[in-house]
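See below for the structure under consideration.
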Amino acid sequence: MSQYHKIDKVFKKHLANHEVTPPEKIWSAISSEVNSNKNRKALALWMPIAAGIAILIGLTAVLTINTSTITIADDNTITNSNSSNHTNRFSTPTHEPQKVKNEKAITTINKSDTPDNSSAIQEPHNEKRSQLAYISPIYSAIGSTIVPHSTNLHLSNKKKAHPQYIPIHTTNMEVDKLSKSSFAITALAGPTYSHRTTNSNASTNEINSMNESGLNSLSGGLNMKFKTRTRWSFESGIFYTQAGQNLIAQTTPNNYNYQSVIPNGLEKITSNITTYSNSLGTTSFHKPESQPEPTIPRAPIVGNKTEQTEIINENMELSQRLSYIEIPFAARYNIYNNKTVVSVSAGVCANFLIANEANLTLDNGQEFSGETQGIENISYSSKIGIGLEYPFLNNLSLNLEPIFRYFITPVNQSNNVQFRPYSLGVNAGISYSF
Amino acid sequence: MKTEYINIIKECQKGKQAAQHKAYEWLSPRMYAICLQYTKNRMEAEDCLQEGFIKVFTKIDSYKFKGSFEGWVRRIIVNTVIENFRKKEAVSEHVCIDDLSEIDNSETEINENELNADFLHRLIMELPTQYRIVFSLYVLEEYTHEEISNKLNISIGTSKSNLSRARKWLQNKIEQIRKNEINRYVSVS
């Protein structure tokens, strides 16, 4: 026997049945892939239907949104003023409504500001606002930022993208290509901090900084993902998100002088509304019927002049909260594709406004609820995120993703200040792959 | 084939996960060893093993209980690793031999008592990938040179040349190791 036959014989003898134990993780991947293949064809039919239902839900929310209605009841005036400026603010030669500086009408009242620093009151320009009983302070922000509300995007597929193998010698003539694409549904929720950016047309002299701060909220929803054979996947879904801001400010008396600012001889409208304007827009508040009349002394109107009186400055806290149904469209790329999958995602979202709430609390304990006017029903945002996915059962994975979202279009209709929320949040959830 | 294995296969054909797991535990160690022989590293071997068994369980309905089930699975695994090699490696008609040691044509008796599976497995893993695949297909899978040339898309002459060089390299390697052992023994004593 030649030596070659010997060496062949030696290797064949020892290696023909050689065994090496493979890593345990391989079976999990095999099992999930094999068993998900069974449901894939049937479920592939339902994916477009599910996506369509999600869009219909969003559109239905839009169509059923009850945009703000203002009911008018009793007067509700809160007047504060600094005596030193009171005369300047209230006294005009003709007692006609102070002319608004139109689109640049801005008066900022900061908690730390003294009345001397405030600029003149400006009357709102549009007719609708002029019908209101009281002209509130018009606030604007300097370069304050809106935090877009983050929603959740998430990875769901734990499988790696494997190359497609076609055996060279197949027993049949069939070409049986295995599909490596897959689908996944992820349920997600998490805390979010929202704030905003603003672009203002007002002059810097007219704009003072405001005590506007961000909003904490929870967001959540369902994410549907289609994973291709490569590291890329594409996602959509439906989420509930919030955007808005909180504000702490100090009122001034001029802002609540109601009679002198009613234009065109209109009757003073009995109203239970207080309006308040800031970077997001003008908020109209409803005074509950049971609410007692405010105890803050007001400046009485005598003839064409307003008597001076001691006015108490009033602190207030305002919370403006916009709720949205978000429909995202995003792409995701797996940068680390092992048992734990690390990915990055980016996309755009359509946001449908479903709720608009504003709550005002005064130092004296009075509370008012209302809505911010002029909010767009549909806004668009962008988002980016970094996802972590860890499989823990056959088709189930844990997901964790910090995400940043920024509104591309402003959420308000104002020409003065464009309010673009942004948000930063962390979402966690569980995904099911099939 | 044992009745137990026949039942496992039938349950696999019904899609029972428990049976699939048993079949995997039964065959995966041997198949993983095959994957290691045909790939560059463990990560590739794991990918091929996973890919191969996915095919096995997906196409298990096509197994008609004619011939060995292990042989049927082995063919799928071998085809999978070869496809992986063809996609990832540039199959060459002229394999570089720079990394091969000096070929010693001395006739060396091979003492089988000195050899074991782990040693030979580690030895064969030192071969360049194409040599290793040709040697494994010819010696372990008993493919002909014509079949090897079809699988790897190389000429029959290249297949024969690769096999010859792989044999000589392995033989020379065994001889070197044996000489080193003898020298160590001499120096100690």
Side-chain angles (χ1 to χ4, degrees), chain A residues 1-40 159-180 182 229 337-339 393-395, chain B residues 15 17 20-21 24-25 28-37 42 45-55 57-59 62 75-76 79-80 82-84 86-88 107-110 112 115-121 124 135-136 138-140 142 147 150-151 164 167-168 170-171 174:
Chain A
M1 179 184 296
S2 76
Q3 60 186 6
Y4 295 148
H5 289 176
K6 283 185 181 178
I7 201 166
D8 289 359
K9 182 183 170 186
V10 166
F11 275 88
K12 185 174 177 63
K13 175 184 175 182
H14 289 281
L15 293 184
N17 297 316
H18 184 53
E19 294 184 353
V20 178
T21 303
E24 293 181 2
K25 64 179 181 179
I26 296 179
W27 167 246
S28 301
I30 293 171
S31 177
S32 62
E33 179 73 29
V34 169
N35 292 294
S36 67
N37 279 340
K38 295 177 189 174
N39 301 324
R40 194 165 295 151
K159 306 182 190 63
K160 294 195 293 184
H162 293 284
Q164 182 75 32
Y165 293 107
I166 301 175
I168 296 175
H169 296 286
T170 56
T171 55
N172 305 320
M173 292 303 293
E174 62 183 339
V175 176
D176 184 14
K177 293 192 178 185
L178 297 173
S179 170
K180 292 299 177 284
S182 61
R229 297 180 185 183
N337 217 9
N338 211 327
K339 183 172 185 180
L393 281 179
N394 278 344
N395 290 356
Chain B
Q17 289 192 41
Q20 291 171 349
H21 194 205
Y24 174 81
E25 286 181 333
S28 63
R30 203 162 294 173
M31 301 305 149
Y32 186 54
I34 294 174
C35 292
L36 288 170
Q37 287 171 7
R42 282 188 177 271
E46 290 170 10
D47 285 347
C48 290
L49 181 71
Q50 180 175 331
E51 193 70 30
F53 267 94
I54 289 171
K55 290 183 188 177
F57 292 123
T58 305
K59 299 174 65 178
S62 64
R75 279 192 296 277
I76 292 176
N79 287 333
T80 301
I82 290 174
E83 188 65 26
N84 170 74
R86 289 184 61 177
K87 284 190 174 184
K88 293 191 175 182
E107 294 187 0
T108 305
E109 286 294 321
I110 299 174
E112 294 188 27
L115 307 172
N116 58 47
D118 287 335
F119 170 77
L120 294 176
H121 179 76
I124 204 172
F135 180 84
S136 299
Y138 186 88
V139 173
L140 303 180
E142 298 180 350
E147 289 172 329
N150 289 333
K151 278 188 176 296
S164 174
R167 281 168 168 168
K168 289 178 181 177
L170 290 169
Q171 182 182 338
I174 292 173

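Values below: all heavy atoms of this structure, side chains included; hydrogens, waters and symmetry mates excluded. Chain letters run A, B, ... following the sequence lines, proteins first and then strands; every chain starts at 1.
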| request: Could you list the residues that satisfy side-chain hydrogen bond (donor to acceptor under 3.5 Å, both in side chains) with Glu142(B), not counting sequence neighbours? | output: Lys12(A)

| message | Given heavy-atom pairs under 4.5 angstrom as the criterion, report whether the side chain, backbone, both or neither of Glu25(B) touches chain A. | response | neither

| query | Below 4.5 Å, heavy atoms only, C-beta onward: do Asp8(A) and Tyr138(B) meet side chain to side chain? | reply | yes

| field | Side chains of Asn35(A) and Gln20(B) in contact at under 4.5 Å (non-hydrogen atoms) | value | yes

| task | Output the distance between atom CG (Leu15(A)) and atom CZ (Arg30(B)), rounded to the nearest 0.5 Å. | result | 12.5 Å

| field | Atom pair SG (Cys35(B)) and CD1 (Ile26(A)), whose distance is rounded to the nearest 0.5 Å | value | 8.5 Å

| query | Asp118(B) and His14(A): side chain to side chain contact (heavy atoms under 4.5 Å, CB included), yes or no, with the steps? | reply | CA-CA 9 Å; Asp118(B) 287 335; His14(A) 289 281; over 6 Å; no

| field | Non-hydrogen atoms of Pro22(A) and Ser28(B) that approach each other most closely | value | CG-OG, 3.8 Å

| field | Options Leu170(B), Leu49(B), Ile34(B), ranked by heavy-atom pairs under 4.5 Å with chain A, top entry | value | Leu170(B)

| What distance do Phe11(A) atom CZ and Ile124(B) atom CD1 have between them, rounded to the nearest 0.5 Å? | 5.5 Å

| Is any side-chain heavy atom of His21(B) closer than 4.5 Å to a side-chain heavy atom of Ser31(A)? | no

| said: I'd like to check Glu46(B) versus Lys25(A) (side-chain heavy atoms, cut-off strictly below 4.5 Å). Are they in contact? | reply: yes

| task | Please round to the nearest 0.5 Å and tell me the distance separating atom NZ of Lys13(A) and atom CG of Leu140(B). | result | 14.5 Å

| query | Atom OH in Tyr24(B), atom CD1 in Ile30(A): separation rounded to 0.5 Å? | reply | 4.5 Å

| request: Over all heavy atoms of both residues, which pair between Ala33(B) and His18(A) is shortest? Give the atoms and the distance, please. | output: CB-O, 3.2 Å

| Looking at Arg42(B) and Val20(A), what are the two nearest heavy atoms and their distance? | NH1-CG1, 4.3 Å

| For Leu36(B), is it the side chain, the backbone, both, or neither that has a heavy atom closer than 4.5 Å to a heavy atom of chain A? | side chain

